Amino acid sequence: MCRPEEIAVVVPCLNEGRTIATLVSEIRRFINTVIVVDDGSTDPTAAEARDAGAIVLTHTSPQGKGAALRAGFDLASHRGFSCALAMDGDGQHSPADIHQFLSRASDSPAALIIGNRMNTADHMPRLRRFVNRWMSQTIGSFCDTEIPDSQCGFRLVNLAAWDRVKCSADCFEIESEMIVRFLHGGYNIDFVPVETRYAAETSKIRPLRDTFRWFRWWFAIRHELASNTSASAEPQFESRPQDAAA
């Protein structure tokens, strides 16, 4: 899929000034180019990230995780990178797991490789675990394939494929939309086991608002794709037995 020098790491952030410099420094041990998208922070996120060696894009007000990812992916593509590795800015994703993506990318035809936290799901807060499993089963049933972890934001994206599938979600539903559009566009998706880390970070998800947004997106994309199936390739999914045993 992509070699390390062809990858830029894209980190969408909102008020992560306390941890972003450490995260950027740890990421750059594996991937040199880090693009931090400061999504309207009111703390020193942008300055801390820049001082740690990141390229920083700044939104003057919060636009949402999906909008931040699109901005970061567009910049990575403009700078000539073939792939982007998305990571959350709150420290939930361990940079040590970057090697999992690099290893899988060397032998996988997948255009989207997603971190799978569900092998250690007991470390995940109970409500998040329940919601993730329900969403993963719902999306997997719709796409007629197995989706072990639909909500992990740790994912390696082929930027040429990304440009073709045209994701448009602005907020947290972007993770679900990427899966549906990549599969509906005929691209393979793969999964790699990653560490589950939850500490003192405060989730940016607002349950009522973001649940409403997800269901609004879900009904809209089902209607869109149901009315346009003749223009889509049949989805493909490559199962990796070793993931389940990891």
Side-chain angles (χ1 to χ4, degrees), residues 10-16 37-40 57 59 61-74 84-90 92-93 111-118 124-125 127-159 161-185 187 189 191 194 201-229 232 235 237:
V10 174
V11 184
C13 285
L14 177 61
N15 294 327
E16 303 294 354
V37 184
D38 175 20
D39 192 34
L57 289 177
H59 292 165
S61 61
Q63 305 298 308
K65 184 177 184 180
L69 283 174
R70 287 202 307 274
F73 290 171
D74 286 349
L85 179 64
M87 295 181 67
D88 290 349
D90 59 6
Q92 283 191 35
H93 303 151
L112 177 62
I113 301 176
I114 302 173
N116 177 17
R117 302 162 295 174
M118 304 310 286
M124 187 180 294
L127 180 59
R128 292 193 191 187
R129 184 168 68 240
F130 171 80
V131 171
N132 191 348
R133 284 176 169 159
W134 182 85
M135 286 183 171
S136 298
Q137 291 171 1
T138 300
I139 294 169
S141 178
F142 178 65
C143 295
D144 194 26
T145 193
E146 180 186 359
I147 306 293
D149 188 349
S150 64
Q151 301 307 301
C152 184
F154 202 174
R155 46 184 67 188
L156 183 63
V157 181
N158 180 289
L159 291 172
W162 164 264
D163 187 56
R164 294 186 187 102
V165 300
K166 303 297 184 185
C167 290
S168 59
D170 284 333
C171 298
F172 288 100
E173 63 272 20
I174 187 67
E175 270 105 10
S176 300
E177 184 184 21
M178 287 171 68
I179 292 173
V180 173
R181 291 205 183 277
F182 270 73
L183 288 172
H184 192 263
Y187 294 104
I189 291 181
F191 291 83
V194 296
E201 73 277 352
T202 301
S203 175
K204 304 301 189 301
I205 295 175
R206 296 183 181 179
L208 291 178
R209 182 194 64 181
D210 290 315
T211 297
F212 172 78
R213 282 177 170 162
W214 190 89
F215 276 105
R216 183 175 61 185
W217 164 82
W218 179 237
F219 290 125
I221 199 166
R222 286 172 61 92
H223 176 75
E224 173 196 334
L225 297 183
S227 64
N228 196 32
T229 54
S232 302
F237 177 77

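Heads up: numbering here begins at 1 and tracks the sequence. Since we're looking at a predicted model, the values are computed, not measured.
A donor-acceptor contact shorter than 3.5 Å is absent between the side chain of Ser141 and the backbone of Gln137. Although no hydrogens or angles enter the test, the distance criterion places no donor-acceptor pair under 3.5 Å between the side chain of Asp88 and the main chain of Asp90.
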Give the intermediate values and the outcome of side chain to side chain contact (heavy atoms under 4.5 Å, CB included) for residues Asn132 and Arg117. CA-CA 10 Å; Asn132 191 348; Arg117 302 162 295 174; 3.0 Å; yes
Set out, in order, the CA-CA distance, both residues' side-chain angles and the distance that settles side chain to side chain contact (heavy atoms under 4.5 Å, CB included) for Asp163 and Phe73, then state yes or no. CA-CA 9 Å; Asp163 187 56; Phe73 290 171; over 6 Å; no
Side chain to side chain contact (heavy atoms under 4.5 Å, CB included), that's the test. Do Leu112 and Val165 meet it? Break it down for me. CA-CA 12 Å; Leu112 177 62; Val165 300; over 6 Å; no
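Annotation: the span from Ile174 atom CD1 to Ser168 atom OG amounts to 7.5 Å, rounded to 0.5 Å. Taking CD1 of Ile189 as the start and CD1 of Ile147 as the end, the distance is 5.5 Å to the nearest 0.5 Å. Considering CD1 of Ile113 and CG of Asn158, their distance stands at 9.5 Å, rounded to 0.5 Å. Taking CG of Asp149 as the reference point, atom CD1 of Ile114 lies at 8.0 Å (rounded to 0.5 Å). With values rounded to the nearest 0.5 angstrom, Glu16 atom CD is found 11.0 Å from Asp39 atom CG. In this structure, CZ in Phe130 is found 10.5 Å from CE in Met135, a value given to the nearest 0.5 Å.
When side chains are defined from C-beta on, Phe172 does not count as touching Arg213, because their heavy atoms never get closer than 4.5 Å. Counting only heavy atoms from C-beta outward, the side chains of Met118 and Arg133 approach each other to under 4.5 Å. With contacts defined as side-chain heavy-atom distances shorter than 4.5 Å, the pair Ile221/Glu177 qualifies. Counting heavy atoms from C-beta on, the side chains of Leu69 and Val10 come closer than 4.5 Å. At a threshold of 4.5 Å between non-hydrogen side-chain atoms, the residues Trp162 and Arg70 count as touching.
Closest of all the heavy-atom pairs between Met178 and Val157 is CE-CG2, 3.5 Å. Scanning both residues, Ala111 and Ala161, for their nearest heavy atoms gives CB-CB, 3.9 Å. Between Glu146 and Phe191, the shortest heavy-atom distance links the atoms O-CE1, 4.2 Å. Contact detail for His59 and Ala71: the closest heavy-atom pair is NE2-CB, 4.0 Å. Smallest separation of non-hydrogen atoms from Ser136 and Ser150: OG-N, 2.9 Å. When all heavy atoms of Trp217 and Val180 are compared, the pair lying nearest together is CH2-CG2, 4.0 Å.
The existence of a salt bridge linking Glu175 and Lys65 is confirmed by a sub-4.0 Å separation between a basic side-chain nitrogen and an acidic carboxylate oxygen.
Taking the side chain to side chain donor-acceptor pair (under 3.5 Å) definition, one finds that Arg164 meets it with Tyr187, sequence neighbours left out.
With ring centers used as reference points, Trp214 lies under 6.0 Å from Trp134.
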